[in-house]
Amino acid sequence: MRIALIAMSGLRVFNPILAEIGLTLPGFMERGKAIASLPSLSLLTLAALTPDRHDVTYHEVADIAELDELPECDLAAFSTYTAQVKDAYQLADRYRERGVATVIGGLHVTGLPQEALRHCDAVVVGEGEVSWPRVVADMEAGRLGGIYSADGVEFALAQAPMPRYELLEPERYNRLTIQTQRGCPWRCDFCASSILLTPRYKQKPISKVIAEIERIKEVWTDEPFIEFADDNTFVNKRHGRRLAEAMGGLGVRWFTETDISVAEDPELLRLLKEAGCRELLIGFESPNAAGLDGIELKRNGKRNQSGRYRDAIATIQSHGITVNACFILGLDGDGPEVFDAVEEFVEETLPFDVQITALTPFPGTPLYDRLLAEGRIIEPGAWEKCTLFDVNFIPKNMTVEELETKGLALGLRLYSKEATARRRAGFKSQMAAGPIATPTDVSPGAP
Ligand code: B12
């Protein structure tokens with residue numbers, strides 16, 4: 001059987017003004033270029049779980065208008081996030097017209113399987129590793145169809161197969177992803193990552209992570225840069241130190257996402273630097289305690305840690321690891337004062353990189369359910385606007401227009417050449433001053 005694995009890919013912005021201005025900004029552009037060239041780890045993983053007798057090909061589609069020919073296959077398997085799901089549905093419809101079987105999986109269809117079933121023969125809900133073997137077997141037996149769900153079966157990352165990186169043309173990518181963990185113990189109401197797939201925080205055995213890095217080095221010999229497709233890598237500091245120790249000497253540069261508690265552990269930061277960690281992406285979300293109030297549903301952790309934000313950035317950057325500080329604009333607790341507050345916070349703390357996005361209600365999240373119930377989603381079902389840049393909800397303490405225009409103006413200021421240069425210089429001087437060895441107390445209950 002010929003299986004075409006089709007990843008909906010590329011960077012999306014719906015509003016043409018945002019696209020035009022945003023994509024010329026220095027900081028935004030660099031990240032845009034880097035991420036637009038990432039392959040789909042989910043499909044490379046599923047390829048590895050496909051019996052050898054099948055002929056598997058891997059394809060990326062950034063713009064369906066530019067796709068003249070559909071890849072030839074007996075089964076078309078789509079992976080997509082929310083922003084491009086309608087494009088995936090269109091391709092699936094075209095395949096079905098030709099009588100080719102289709103299956104789709106990923107975070108969006110996990111939240112809305114019935115919607116996906118209108119376009120695809122089969123829909124996989126949850127972690128793909130659990131259901132994919134059944135999808136392939138059913139296809140072979142001529143009975144593919146309906147919703148395939150993990151039904152409470154948890155996939156153990158100790159069983160994770162080696163992703164088939166060799167299906168890629170290495171020269172097309174400037175970085176590749178691996179996943180060292182899935183899930184997050186905290187529950188931010190807006191979070192649309194793999195917390196939607198698994199209620200548990202789970203880690204991949206370190207030996208497997210190292211084997212994946214070694215595999216990437218075989219496929220991609222030219223100074224590999226690796227991005228961890230993780231939700232929150234360093235929740236468990238002991239595991240983090242062991243992982244960093246094992247990565248020392250591998251000669252890779254890498255980047256991951258985690259929370260500010262890494263700043264509690266200078267020893268971990270020292271090991272991370274030695275292990276080639278270049279950047280930590282951290283969700284600060286708002287510089288105001290009021291903006292953070294209630295967004296982390298379990299222990300109000302973001303709100304309780306906000307007093308430690310400044311020290312955490314200084315401590316991490318003093319170890320020679322850059323911080324990519326992420327802020328969400330339009331949170332219920334923030335009013336129009338937040339735009340200046342973000343700028344002031346950034347100018348004061350000088351994280352090397354900064355990311356601002358609009359609050360985005362992705363289906364499957366508590367935020368989406370709440371805003372829908374409150375009648376605050378402007379255009380329900382406008383999935384193409386789920387880009388993290390477009391606004392499709394009514395903010396509580398500002399107008400939609402304020403969020404759009406002031407958000408854009410803030411972007412222009414933060415990503416200007418001058419502000420970008422100030423942040424780069426700030427990082428260099430924080431690093432030059434040497435590591436701050438005192439642990440930053442970021443524990444949630446800290447006064
Ligand atoms: C790497 C990455 C990218 C890469 C690669 C995307 C790709 N094609 O895989 C690039 C740079 C292209 C990208 C683009 C975008 N991204 Co992105 N990205 C990520 C990141 C960092 C990791 C994703 C990952 O690799 N996870 C690991 C894999 C193994 O998990 P998975 O994809 O969920 O797959 C599992 C299951 O879902 C399932 N599955 C998935 N697909 C399929 C298909 C089949 C057939 C089956 C059976 C199963 C299955 O099985 C897999 C294994 O269990 C996450 C953040 C994070 N921490 O997760 C954001 C994230 C996925 N991105 C996000 C967004 C918003 C975007 C953009 C819209 C940004 C933009 N403005 O353009 C675009 C989306 C364009 C699109 N394709 O729709 C959101 C998506 C939220 C959502 N629910 O839609 C996330 C969660 C970040 C966030 N801030 O919330 N992204």
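The residues of the chain are indexed from 1 along the displayed sequence. Note that ligands are numbered from 1 as they come in the structure, with each ligand's atoms numbered from 1 the same way.
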Worksheet item: Out of L196, T177, L197, who gets a non-hydrogen atom closest to atom 35 (C) of ligand 1?
Response: L197

Worksheet item: Relative to each other, are the rings of F284 and F345 parallel, tilted or perpendicular (30° and 60° limits)?
Response: tilted

Discussion item. Does only the side chain of E384 get under 4.0 Å from ligand 1, or the backbone, or both, or neither? Count heavy atoms.
Written reply: neither

Worksheet item: What do we get for T82 next to ligand 1 when only non-hydrogen atoms under 4.0 Å count, side chain, backbone, both or neither?
Response: both

Discussion item. Which of the numbered atoms in ligand 1 are under 4.0 angstrom from any heavy atom belonging to G10?
Written reply: 12 (C), 14 (C), 72 (O), 73 (C), 75 (C)

Worksheet item: To which of S193, A83, G105 does the heavy atom nearest atom 88 (C) of ligand 1 belong?
Response: S193

Worksheet item: At under 4.0 Å between heavy atoms, which part of Q179 makes contact with ligand 1: side chain, backbone, both or neither?
Response: side chain

Worksheet item: Of the choices S9, A88, A7, which has the non-hydrogen atom that lies closest to atom 12 (C) of ligand 1?
Response: S9

Worksheet item: Can you tell if the side chain of R370 reaches within under 4.5 Å of the side chain of D332, non-hydrogen atoms only?
Response: yes

Worksheet item: ligand 1 and S79, any nitrogen or oxygen pair closer than 3.5 angstrom?
Response: yes

Worksheet item: Using a heavy-atom cut-off of under 4.0 Å, does the side chain or the backbone of V13 touch ligand 1, or both, or neither?
Response: neither

Worksheet entry | N/O separation below 3.5 Å, W132 to ligand 1 | no

Item to complete: Pull out every atom of ligand 1 sitting under 4.0 Å from any heavy atom of V124, numbered as shown with elements.
Response: 47 (C)

Practice prompt. Please confirm whether S194 comes within less than 3.5 Å of ligand 1 when only nitrogen or oxygen atoms on both sides are compared.
Written response: no

Worksheet item: Considering the options D390, T82, D87, which one meets the side chain to side chain donor-acceptor pair (under 3.5 Å) requirement together with R12?
Response: D87

Worksheet item: Are R278 and F225 in a cation-pi setup, meaning NZ or CZ lies under 6.0 angstrom from the ring centre and within 45 degrees of the ring axis?
Response: no

Discussion item. Using heavy-atom distances only, which candidate in E127, R134, Q181, E129 approaches atom 52 (C) of ligand 1 most closely?
Written reply: E129

Worksheet entry | Geometric N/O contact F389 with ligand 1, under 3.5 angstrom | no

Worksheet item: Testing N288, I328, L331, N397 for side chain to side chain contact (heavy atoms under 4.5 Å, CB included) with V338, which one passes?
Response: N288

Worksheet item: Does the side chain of M1 come within less than 4.5 Å of V136's, by heavy atoms?
Response: yes

Worksheet item: What atoms of ligand 1 come within less than 4.0 Å of a heavy atom belonging to T80?
Response: 78 (O)

Practice prompt. Could you name the option among L11, L46, L44 that has the heavy atom nearest to atom 44 (C) of ligand 1?
Written response: L46

Worksheet item: Is the shortest heavy-atom distance from the side chain of T50 to the side chain of R164 under 4.5 Å?
Response: no

Worksheet item: Which part of H108 is near ligand 1, with near meaning a heavy atom under 4.0 Å away: side chain, backbone, both or neither?
Response: neither

Fill in: Interatomic distance, L176 atom CG to L38 atom CG [nearest 0.5 angstrom]
8.0 Å

Worksheet item: Could an N or O of ligand 1 be found under 3.5 Å from any N or O of G126, whether backbone or side chain?
Response: no

Worksheet item: Does at least one non-hydrogen atom of F190 fall below 4.0 angstrom from an atom of ligand 1?
Response: no

Worksheet, complete the sentence: Test side chain to side chain contact (heavy atoms under 4.5 Å, CB included), reference R423, set V354, D353, V323, T349, output is V354

Worksheet, complete the sentence: ligand 1 to A192, heavy atom cutoff 4.0 Å, flagged ligand atoms 81 (C), 83 (N), 86 (C)

Practice prompt. Just go through G128, G106, G111 and tell me whose heavy atom is the nearest to atom 50 (O) of ligand 1.
Written response: G128

Fill in: Minimum-distance pair of heavy atoms, taken over all atoms of I213 and M247
CD1-CE, 3.6 Å

Worksheet item: Will you find, in the side chains of E154 and T198, an N or O donor that is under 3.5 Å from an N or O acceptor?
Response: yes

Discussion item. Using the side chain to side chain contact (heavy atoms under 4.5 Å, CB included) criterion, which residues pair with S131? Sequence neighbours excluded.
Written reply: V124, R134, Y148

Worksheet entry | Between S261 and K237, a side-chain donor and acceptor under 3.5 Å | yes

Fill in: Numbering as shown, the atoms of ligand 1 that approach P39 to under 4.0 Å (heavy-atom distance)
5 (C)

Practice prompt. Examine the proximity of ligand 1 to T387 and report which part, side chain or backbone, both or neither, has a heavy atom under 4.0 Å away.
Written response: both

Item to complete: Identify, by atom number and element, the atoms of ligand 1 in contact range of Y81, meaning under 4.0 Å from any of its heavy atoms.
Response: 6 (C), 7 (C), 9 (O), 23 (C), 24 (C), 31 (P), 32 (O), 61 (C), 78 (O), 84 (O)

Practice prompt. For atom 89 (N) of ligand 1, state which one of D231, L388, I104, T233 supplies the nearest heavy atom.
Written response: L388

Fill in: ring-ring contact (aromatic ring centres under 6.0 Å, His included) against W220, all qualifying residues, sequence neighbours excluded
none

Fill in: Pair E115-H108, side-chain donor/acceptor within less than 3.5 Å
yes

Practice prompt. Report yes or no: does R182 have a heavy atom closer than 4.0 Å to ligand 1?
Written response: yes

